[in-house]
Amino acid sequence: MNVFAWFRERIAAEVAAMAASGSLPTGLDTTRIGIEPPRDPAHGDLASNAAMVLAGPAKRRPRELALLLAQRLLKIEGVATAEVAGPGFINLRLTDTFWHARIADILLAGVAYGDSGLGEGRPVNVEYVSANPTGPLHVGHGRGAIVGDALAGLLQKAGFRVTREYYVNDAGGQVDALARSLRLRWLIAAGAEPADAFERARTAGEVQYGGDYLVPVAEALLAQDGDRWIEAPEQDWLPAFRSFAVAAMLRLIRDDLEALGIRFDVVASERRLVEEGGVDAALRFLEGRGLVYEGVLEPPKGKVLDDWEPRPQTLFRASLYGDEVDRPLRKSDGSWTYFAADIAYHLDKFRRGFPVMIDVWGADHGGYVKRMQAAVTAITEDSGALDVKLCQLVNLLDGGEPVRMSKRAGNFISLREVVDRVGRDVFRFIMLTRKNDAPLDFDFQKVTEQTRDNPVFYVQYAHARCRSVLRHALAEMGEEALSDAVLAGAALGRLTDPAELDLIKQLASWPRVVEGAAEAHEPHRIAFYLQDVAQAFHGLWTTERRTRNCASSISMTCSSHRRGWRWFAPRSSLSHQALR
RNA sequence: GCGCCCGUAGCUCAGCGGAUAGAGCAACUGCCUUCUAAGCAGUAGGUCGCAGGUUCGAGUCCUGCCGGGCGCGCCA
């Protein structure tokens, strides 16, 4: 039960009833009625602005209207008090019995607690990571991976039909550069070049991708196909090296993601899209609507470009859809730009049945948001929507000191190293402790510290305390007595301590948090919510110690409820191994 | 120069058009014979960058300015 949604509907129903009886005008717009927990708990459990919102259209004074509504709401079962306050708020206080019933809700719902019908089964495509297949993932990719994956899980919980998708940029110059790097590693492995050739080429800037991760790939290729390409010209060996390298990099990336508990439903290939004519099709679509033309762009103002030459280009009329200028679709060598392929890709997603698309990008791609949204508006003829979540940088720190990273010096820290060092759950949680568009500090020391200051520990510790209660209860009472069904029927009326009710109210707001976070596409709200729940639990814990009043059902409920957010940190999750 | 993001307690940050703007850290004061004190409770700390506007009501929405970050033709 979503307490807030339920009472909102009740208020709307009362307004309708008042209209029917003639005490209010008919046809009032009730959609603006809000109900939420008041900021100040002294104001009660629920507060509604209904009277203030309706006062204008109904031509009544807000407080007068509030009083009428309050009298009616008071008759609803579970409502203890209904007071009018301030400019016309209706403050409801609910009975303890009402709150106790929420524990039974939670226990009986189990993992499904908080599931919402908000999405009504509508399809949503969430595309994230989509890193170039040129090497292992770094920490920045990791943030996008978690934001995307948590958002996908969140939308699922809110009733959307979610597809998790990864777009492989395997068609551009980057993967050719990768193939050339692999070629050199391969020549060394084949004995055709000296061992230090790679290091020299990298220093000279002749190869772009150079990690040691290409060494085993080169050896595998040599073992598979022998050295038959040693004398061959580039046009002969490039495709083979490229596809071998890309496949190997994708395996590497898949393993990195696996370590984070992330799997994709769809891995889409840019190369296949191009080869199957998807880009041509998308361009024909746009041409047919007069949105493509040959033109010359103005040089960007305020930025010095020494080599600027005006030249005619194939352009998309992005400026018709809110972008500043029209955008090029073709490079001077005649091949498509990344943007052209991306238009085709989004058209492909749309045609596969996704009017709602979410892309998670690094903040350095911020300049592309408008043109991509313009393109989506054009190709979907205004029936599709693209939301882009930009993820800001992750600053790696160790004990407050920045971890210096440079590819040149070779001390670049990969995502895998970080995850292996701190653990998946810690990484996932910390990545959600900031809004996606705010920079995030990731401090190796702090995230593994066992202090209040470390949100991961704080939440884990609450869970560990829950489990501790359960362990003792199991020993004394046995498994049978602790089943969710039995606990739901327990004498919950004994839970009258403010700290107990506090925690119940916190748990009761979970469905509302899920819906709000899903609607806003903001998975970080879940991480903040968990800290609030943990805080309420720690508060209760200490109270119980002091009063020696064992309220273990709350613990059990909390622990059960926790299973409902397992999607958020998958598998064993929030393990308290580290505490021991 | 243009666009996007950010500006909230000393620091790091929450904040959904609602009432007297919150949390942690740092500082100070209390709380363990009891299932985890690596925890809890309290005190103190604010011109929500500035100025207008919309609204019954603005930290939240709009406009302008100030400050910081990112981006700005054939890289992805």
Side-chain angles (χ1 to χ4, degrees), chain A residues 32 34 36 38-40 42-43 47-49 52-53 55-56 62 85-89 91 130-132 134 169 171-175 177 270 296-303 305 307-311 313-315 323-325 327-339 341-342 362-370 390 392-393 433-435 437-439 441 449-455 457-458 461-462 464-465 467-473 475-476 499 512-513 516-517 519-520 522 524-525 528 531-532 535 538-546 548 550 552 555 576 579-580:
Chain A
R32 284 188 60 219
E36 57 187 22
R39 210 147 41 185
D40 185 348
H43 292 141
S48 178
N49 62 358
M52 291 181 288
V53 169
F89 287 102
N91 292 332
S130 296
N132 291 337
T134 52
N169 298 123
Q174 311 283 327
V175 284
E270 179 188 8
V296 181
L297 287 176
E298 296 287 315
K301 292 191 174 67
K303 193 197 174 200
L305 289 173
D307 59 342
W308 176 268
E309 301 168 31
R311 71 165 65 89
Q313 289 177 289
T314 306
L315 300 171
D323 201 357
E324 287 83 52
V325 292
R327 302 295 182 176
L329 297 167
R330 215 184 266 281
K331 303 182 205 170
S332 56
D333 68 359
S335 65
W336 299 114
T337 58
Y338 172 81
F339 179 50
D342 224 1
D364 54 335
H365 292 54
Y368 284 78
V369 174
K370 279 195 175 179
L390 295 178
Q392 275 290 351
L393 291 179
T433 53
R434 291 286 177 271
K435 284 181 287 194
D437 50 12
D441 288 343
E449 249 169 29
Q450 298 180 358
T451 68
R452 174 74 178 89
D453 197 25
N454 174 8
F457 166 76
Y458 188 69
Y461 191 36
R465 283 176 154 178
R467 302 300 307 179
S468 166
V469 173
L470 272 177
R471 259 198 325 274
H472 289 273
E476 278 181 40
R512 171 188 153 85
V513 170
E519 223 158 17
E522 290 187 349
H524 75 275
R525 292 193 197 183
F528 283 93
Q531 293 180 67
D532 291 343
Q535 188 165 29
H538 287 306
L540 171 64
W541 181 276
T542 307
T543 303
E544 295 306 332
R545 279 180 65 86
R546 197 170 291 136
R548 308 177 64 178
C550 178
S552 49
S555 263
H576 55 287
L579 298 175
R580 287 296 167 191

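All of these numbers come straight from a predicted model, not from anything done at the bench. Chain letters run A, B, ... following the sequence lines, proteins first and then strands; every chain starts at 1.
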Between protein and nucleic acid, restricted to nucleotides 23-29 of chain B and to nitrogen or oxygen atoms under 3.5 Å apart, what atom pairs and distances do you find?
residue : atom : partner : partner atom : Å
B/G24   : O2'  : A/D453  : OD1          : 3.2

**Asked** Which whole number of Å gives the distance between the P atom of B/C66 and that of B/C28?
**Response** 43 Å

**Request:** Measure from CZ on A/R465 to C1' on B/U34 and round the result to the nearest Å.
**Result:** 13 Å

**A/S335 versus A/D333, closest heavy-atom pair with distance** = OG-OD1, 2.7 Å

**Fill in**
To the nearest angstrom, the CE-P distance between A/M52 and B/A58 comes to 12 Å

**Request:** Measure from the side-chain N and O atoms of A/T314 to the backbone N and O of A/L329, and report whether any donor-acceptor pair falls under 3.5 Å.
**Result:** no

**Nearest-angstrom distance, C1' atom, B/G24 to B/A9** = 12 Å

**Message:** Using a 4.0 Å heavy-atom cut-off, does A/A55 contact any base of the nucleic acid, only the sugar-phosphate backbone, or nothing at all?
**Reply:** nothing

**Request:** Look at A/Y458 and B/C40 and indicate whether a side-chain polar atom (N or O) is within less than 4.0 Å of OP1 or OP2.
**Result:** yes

**Request:** Round to a whole Å and report the spacing from NE2 of A/H538 to P of B/A38.
**Result:** 11 Å

**Message:** Over all strands shown, is A/R327 touching base, sugar-phosphate only, or nothing at heavy-atom distances under 4.0 angstrom?
**Reply:** nothing

**Asked** A/F89 has an atom CZ; how far is it from atom P of B/G18, in whole Å?
**Response** 8 Å

**Message:** Using the ring-ring contact (aromatic ring centres under 6.0 Å, His included) criterion, which residues pair with A/Y338? Sequence neighbours excluded.
**Reply:** none

N/O contacts under 3.5 Å, protein versus nucleotides 2-4 of chain B?
residue : atom : partner : partner atom : Å
B/G3    : O3'  : A/K370  : NZ           : 3.1

**Message:** Looking only at the side chains, is there a donor atom on one of A/D453 and A/T451 sitting less than 3.5 Å from an acceptor on the other?
**Reply:** no

**Asked** Would you say A/R330 and A/W336 make side-chain contact, with heavy atoms under 4.5 Å?
**Response** yes

**Message:** Could you check whether any side-chain heavy atom of A/P87 comes within less than 4.5 Å of a side-chain heavy atom of A/F89, counting everything from C-beta outward?
**Reply:** yes

**Prompt:** A/W541 CH2 to B/A37 P: how many Å, rounded?
**Reply:** 6 Å

**C1' spacing across the pair B/G30 / B/A37, given as an integer number of angstrom** = 13 Å

**Fill in**
What one should report as the nearest heavy-atom pair of A/Q174 and A/T134 is O-CG2, 3.9 Å

**Asked** What closest approach, in Å, do A/P328 and A/T337 show between heavy atoms, and which atom pair accounts for it?
**Response** O-OG1, 3.3 Å

**Complete:** Taking pairs as Watson-Crick (N1-N3 plus N6-O4 or O6-N4) or G-U wobble (N1-O2 and O6-N3), each distance under 3.5 Å, the stems of three or more consecutive pairs with RNA chain B are B:1-7 with B:66-72, B:10-13 with B:22-25, B:27-31 with B:39-43, B:49-53 with B:61-65

**Request:** Quick one: closest heavy-atom pair of A/N91 and A/H43, and the distance?
**Result:** CB-O, 3.0 Å

**Message:** Tell me whether A/H43 and B/A19 count as stacked here, given that the ring centres must be under 5.5 Å apart and the planes must differ by less than 30 degrees.
**Reply:** yes

**Request:** Carefully, step by step, assess A/E298 and A/V325 under the rule side chain to side chain contact (heavy atoms under 4.5 Å, CB included).
**Result:** CA-CA 9 Å; A/E298 296 287 315; A/V325 292; over 6 Å; no

**Message:** Tell me the interatomic distance from A/R471, atom CZ, to B/C35, atom P, rounded to whole angstroms.
**Reply:** 12 Å

**Request:** Name the orientation of the base relative to the sugar in B/C48: syn if the glycosidic angle is within 90° of 0, else anti.
**Result:** anti

**Request:** Quick one: closest heavy-atom pair of A/A341 and A/E270, and the distance?
**Result:** CB-OE2, 3.4 Å

**Message:** Categorize A/Q313 for me: base, sugar-phosphate, or nothing, with a 4.0 angstrom heavy-atom threshold over every strand shown.
**Reply:** sugar-phosphate

**Asked** Can you tell me how far P in B/C13 sits from the matching atom in B/C70, rounded to whole Å?
**Response** 16 Å

**Asked** In whole angstrom, what separates A/E298's CD from B/C72's P?
**Response** 19 Å

**Message:** Looking at A/Y458, is its backbone amide N or carbonyl O close enough to the side chain of A/H538 to form a donor-acceptor pair, meaning the two atoms are under 3.5 Å apart?
**Reply:** yes

**Prompt:** Looking at the side chain of A/D364, which of B/G71, B/G39, B/C35 is the nearest nucleotide?
**Reply:** B/G71

**Prompt:** Mapping A/D40 and A/N169 to their closest nucleotides on RNA chain B, which lands nearer the 5' end?
**Reply:** A/D40

**Prompt:** Mapping A/E476 and A/D333 onto RNA chain B by nearest heavy atom, which one lands closer to the 5' end?
**Reply:** A/E476

**Item:** Gap in Å between the two P atoms, one belonging to B/G49 and one to B/G7, rounded
**Value:** 8 Å

**Request:** Determine the contact category for A/P62: base if any of its heavy atoms lies under 4.0 Å from a base atom, sugar-phosphate if only primed atoms, P, OP1 or OP2 are that close, otherwise nothing.
**Result:** nothing

**Asked** Any side-chain heavy-atom pair from A/W541 and A/V469 closer than 4.5 angstrom?
**Response** yes

**Message:** Distance check, P atoms only: B/G39 and B/A26, in whole angstrom units.
**Reply:** 10 Å

**Prompt:** Considering only the C1' atoms, how many Å lie between B/C56 and B/G42, rounded to the nearest integer?
**Reply:** 38 Å

**Complete:** Rounding to 0.5 Å, atoms OG1 (A/T542) and CZ (A/R465) come to a distance of 5.5 Å

**Distance, P atom - from B/U63 to B/C6, rounded to whole angstrom** = 14 Å

**Request:** Rounded off to whole Å, could you give me the CD-to-C1' distance for the A/Q392 and B/G68 pair?
**Result:** 11 Å

**Prompt:** Do the rings of A/Y461 and A/F457 sit parallel, tilted or perpendicular, given the 30° and 60° boundaries?
**Reply:** parallel

**Complete:** Per-nucleotide protein contact along nucleotides 11-17 of chain B, 5' to 3', at a 4.0 Å heavy-atom cut-off (B base, S sugar-phosphate only, - neither), is -SSSSB-

**A/V53: side chain to side chain contact (heavy atoms under 4.5 Å, CB included) partners, not counting sequence neighbours** = A/R32, A/N49

**Prompt:** Counting any heavy atom closer than 4.0 Å, what does A/A85 reach on the DNA or RNA strands: base, sugar-phosphate only, or nothing?
**Reply:** base

